[in-house]
Amino acid sequence: MFEKEYDVIVVGAGHAGSEAAAAAANLGSSTLLITMNLQNIAQMSCNPAMGGIAKGQIVREIDAMGGYSGIVSDKTAIQFKMLNKSKGPAMWSPRVQSDRMRFAETWRYMLEQTPNLDFYQEMVTGIVVENEKICGVKTSLGITIRAKSVVLTNGTFLNGLIHIGEKQLGGGRAGEKAAIGITKDLIDIGFDAGRMKTGTPPRVDGRSLDFSKMILQPGDDDPQKFSYSDVTQPLKEQRPCHMSHTSLLVHDLLKEGFDRSPMFNGSIQSIGPRYCPSIEDKINRFADKDRHQLFVEPEGWNTVEYYINGFSTSLPEEVQFKALRACAGFEHVKFFRPGYAIEYDYFPPTQLRHTLETKLVSGLYFAGQINGTTGYEEAASQGMMAGINAHLKVHEKEPFILKRDEAYIGVLIDDLITKGTKEPYRMFTSRAEYRTLLRQDNADFRLTPRSFEIGLASETRMKKMEDKYAKSDAFIQFFKDTSVAPEIMNPILEANHSALVTQSDKMFKFFSRPKIDMQAMRKIDTVEAYVQENNLDTEVLEQTEIQVKYSGYIEKEKNNADKLHRLEGIQIPENFDYTKLKSLSYEAREKLSKIKPTSVSQASRISGVSPNDISVLLVYMGR
């Protein structure tokens, strides 16, 4: 097995590693997935859920390209919610509550059925580099396995250190040892490294909870799904979540342990996720709040284990227990395990190219928390892109890069390598300047053709996308071409509190009104007849409505994206000497020399590079 040279070796089998291995193998590369424990492939280390604000868009993008995360999420979901439905469609974000054990099991089965993919359980302790090119990896048993490319997806395992109060345990997550050796190898080569922190809440016994004292949080009445394919179906039954709250008493009980908190006594020096703070951080930073929400989430269909979302903590276990018992419904709570914080090594992502290949070592790729991100979805998308590009590099093909107006994945990677991050990076809709274009409903339109071109998305997916596009396009044209008389339209307008009309007009014009939705338009006999005759499903109806109602906004963002592309087209040579441009500010020269942007557009997004600096670059480039 180890006498062969693999095309791609993937180190780590979390969400990033699993998607990387699937992408490389499905594209045709001989791939080896090495992990410390094959029983924990695609383990949900923290919350048992996929998707959420902006994260749901990423999962749909992964699925549109032929990745596995959307299919696995659908097959193992116990609840579905479309978040932000009260806002515009650019903000709609799908989320599922997952069965934690089935999720990992389904991922493993899918990977085992993937051709070209081998598995091996052992710790990777180093990498083999010759002449600034990756040649393979070294393991704890002293084995060297050679490869043309390597993808590192080590998660929280690189020199991982778990904190519970004043106790410290070496480990990558609860019950698993840390990975050692890789960090030293990378630093010796010349990479910069840093430390980050994340945390997780206690898991509790649902039999000890009083749900009657909590607020019921059911799933959607008409649940949808992540995958655009036909291999999954929406849920027919769902498990509810519940919500409780902390109180001033809970906060006081938590404060009793602050002197032993690694957050406050100096044990933890690294920075944790800004947008998912621990409960002690919340009550310290938001002292004016007298309560915080707690979401009580089941871990699966048949287990009694519950995840307490919102109560992430590294306080001593007895403090956690005493404080949680003061929350409504938790008076008799029993712990399965306490919450903890974990510190781990990461490598600032400004050391990467847009392909996620490192600048220092050819053929070496980083994906996931090693790049300073947080979240399964962010990790999975990086893994898929690294796996794709590792395959393409090995087979001497053009790299695959997504732009900021093409995908949230493009925004994520561009943000990481252009701006870097000093705290765990999480995706939000606000990070995407073209979010009206990057909706969850049209990820297949945006990305399936791109993925099909390189051989990842299947022909079946491509035909399904083309059919959906043709049907929605034809339906939009129907509204543009068909007029409706006032006597038919006015009752609908009146019922929806919209101004009445005195003469016939095109349906498109009425449909464009804010208060008139698809349900209202289907009250017109000719519209309903069209829907039935053409067998239009929910996705086509939703796509049509969004395209009609937001056509002006969509067109405006497309024009803005075109302007960005013009700057994107002005390339900067890889070894360009910025020191010779004396008109650049000192900070711009320093940042540009370090990050080495590939285009003027990327240069314009680097923190510390001003519009005046960009003007200097444009003049020098002859523009």
Side-chain angles (χ1 to χ4, degrees), residues 1-43 66-69 104 107-130 133-155 157-158 172 176-177 179-182 185-186 355-358 361-370 379-380 382-397 455-456:
M1 177 175 173
F2 300 134
E3 288 174 8
K4 69 182 283 186
E5 181 184 42
Y6 283 93
D7 289 328
V8 182
I9 288 178
V10 178
V11 180
H15 298 258
S18 297
E19 286 287 7
N26 280 323
L27 283 166
S29 279
S30 59
T31 306
L32 176 65
L33 180 60
I34 309 181
T35 183
M36 289 196 288
N37 189 344
L38 285 170
Q39 305 307 315
N40 293 334
I41 285 177
Q43 181 76 271
Y68 289 177
S69 289
W107 249 112
R108 176 160 173 167
Y109 286 162
M110 288 188 70
L111 287 172
E112 286 182 356
Q113 292 163 30
T114 301
N116 306 312
L117 182 56
D118 291 342
F119 301 84
Y120 186 58
Q121 177 173 298
E122 209 196 319
M123 183 194 294
V124 170
T125 54
I127 59 172
V128 181
V129 177
E130 296 169 7
K133 187 180 185 305
I134 197 75
C135 294
V137 299
K138 296 172 288 188
T139 74
S140 56
L141 291 177
I143 300 169
T144 295
I145 311 172
R146 296 191 72 81
K148 295 170 186 169
S149 65
V150 171
V151 183
L152 295 183
T153 69
N154 304 86
F157 283 78
L158 291 181
E176 294 180 66
K177 60 186 178 183
I180 55 172
I182 292 178
D185 267 15
L186 293 172
T355 56
L356 297 180
E357 183 184 25
T358 66
V361 179
S362 176
L364 177 63
Y365 296 78
F366 292 172
Q369 283 175 292
I370 192 172
Q382 292 171 69
M384 181 180 64
M385 295 300 287
I388 289 170
N389 280 305
H391 161 84
L392 294 172
K393 172 128 185 166
V394 165
H395 292 85
E396 298 180 348
K397 295 181 179 177
L456 185 56

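Numbering starts at 1 and runs along the sequence shown. Atom set for the values below is all heavy atoms of this structure, side chains included, hydrogens, waters and symmetry mates excluded.
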Visitor: Of all residues at least two apart in sequence or in a different chain, which pass the side-chain hydrogen bond (donor to acceptor under 3.5 Å, both in side chains) check with E19?
Guide: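 Here the qualifying residues are S69.
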Visitor: If the condition is salt bridge (charged side-chain N to carboxylate O under 4.0 Å, His left out), which residues does E112 pass it with, not counting sequence neighbours?
Guide: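 Result, salt bridge (charged side-chain N to carboxylate O under 4.0 Å, His left out) vs E112: R108.
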Visitor: I'd like to check the side-chain hydrogen bond (donor to acceptor under 3.5 Å, both in side chains) partners of E122; sequence neighbours left out, ordered by chain and number.
Guide: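 E122 satisfies side-chain hydrogen bond (donor to acceptor under 3.5 Å, both in side chains) with Y120, T139, S140 once adjacent residues are dropped.
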Visitor: Given 3.5 Å as the limit, does a donor-acceptor pair link the side chain of S18 with the main chain of G14, or not?
Guide: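 Pair found, side chain donor or acceptor close to backbone of G14.
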Visitor: When rounded to the nearest 0.5 angstrom, what is the spacing between CG in L392 and OG in S29?
Guide: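 Between L392 CG and S29 OG, I get 8.0 Å after rounding to 0.5 Å.
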Visitor: Distance from I182 atom CD1 to N154 atom CG, nearest 0.5 Å?
Guide: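 I182 CD1 to N154 CG: 4.5 Å, rounded to 0.5 Å.
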Visitor: Which value, rounded to the nearest 0.5 Å, describes the distance between I9 atom CD1 and L152 atom CG?
Guide: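 Going from the CD1 atom of I9 to the CG atom of L152 covers 10.0 Å.
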Visitor: Of all residues at least two apart in sequence or in a different chain, which pass the side-chain hydrogen bond (donor to acceptor under 3.5 Å, both in side chains) check with Y68?
Guide: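 Y68 satisfies side-chain hydrogen bond (donor to acceptor under 3.5 Å, both in side chains) with N26, T114 only.
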Visitor: Does F2 have more than 12 heavy atoms from other residues, nucleotides or ligands lying within 6.0 Å of its CZ?
Guide: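 Correct, the count exceeds 12.
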Visitor: Looking at A16 and A367, what are the two nearest heavy atoms and their distance?
Guide: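 So the minimum-distance heavy-atom pair works out to CB-O, 3.9 Å.
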Visitor: Let's go through L364 and V129 carefully: what are the C-alpha distance in whole Å and the side-chain angles of both, what is the deciding distance for side-chain contact (heavy atoms from CB on, under 4.5 Å) to 0.1 Å, and is it a yes or a no?
Guide: CA-CA 9 Å; L364 177 63; V129 177; 5.8 Å; no
Visitor: Is there a side-chain contact (heavy atoms from CB on, under 4.5 Å) between I34 and I145 once you walk through the steps?
Guide: CA-CA 10 Å; I34 309 181; I145 311 172; 3.9 Å; yes
Visitor: Of the non-hydrogen atoms in A22 and L111, which two are nearest, and what is the gap between them?
Guide: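 Shortest heavy-atom separation between A22 and L111 comes out as CB-CD2, 4.0 Å.
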Visitor: Return the CD1 to OG1 distance between I127 and T358, rounded to the nearest 0.5 Å.
Guide: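 That separation rounds to 7.5 Å.
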Visitor: Quick one: pull up CG in L456 and CG in L27 and give me the separation to the nearest 0.5 Å.
Guide: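 The distance works out to 5.0 Å.
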Visitor: Just how far is it from atom NE2 of H391 to atom OG of S30, taken to the nearest 0.5 Å?
Guide: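 So the gap between those two atoms works out to 10.5 Å.
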Visitor: For residues 5-38, which residue pairs qualify under ring-ring contact (aromatic ring centres under 6.0 Å, His included), counting only residues two or more places apart or in two chains?
Guide: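 Sorted pair list: H15-F103, H15-Y376.
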Visitor: Taking the side chain as every heavy atom from C-beta outward, state whether S149 and E357 have any atom pair closer than 4.5 Å.
Guide: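 SC-SC contact between S149 and E357 ruled out.
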Visitor: For T35, enumerate each residue passing the side chain to side chain contact (heavy atoms under 4.5 Å, CB included) test, keeping only those at least two apart in sequence or located in another chain.
Guide: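 So T35 forms a side chain to side chain contact (heavy atoms under 4.5 Å, CB included) with A13, L38.
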Visitor: Judged by atom type as modelled, is there a donor-acceptor pair below 3.5 Å linking the side chain of T153 to the main-chain atoms of G12?
Guide: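 Yes; judged by distance alone, with no hydrogens or angles, the pair exists.
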Visitor: Please give me the minimum heavy-atom distance between Q121 and M36, naming the atom from each residue.
Guide: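 Nearest heavy atoms, Q121 then M36: CG-O, 3.3 Å.
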Visitor: List the residues meeting side-chain hydrogen bond (donor to acceptor under 3.5 Å, both in side chains) with E176, not counting sequence neighbours, and say none if there are none.
Guide: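 With neighbours one apart ignored, the set is N40, R173.
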Visitor: State, to 0.1 Å, how close A23 and I388 come at their nearest heavy-atom pair, and which atoms those are.
Guide: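 In terms of heavy atoms, the two residues are closest at CB-CG1, 4.0 Å.
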Visitor: Do you know the tightest heavy-atom contact between A25 and T31?
Guide: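 Shortest heavy-atom separation between A25 and T31 comes out as N-OG1, 3.5 Å.
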Visitor: Any salt bridge (charged side-chain N to carboxylate O under 4.0 Å, His left out) involving residues 134-152? Give me the pairs, sequence neighbours left out, ordered by first then second residue.
Guide: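 Qualifying pairs, neighbours excluded: D7-K148, E130-R146, K138-D185.
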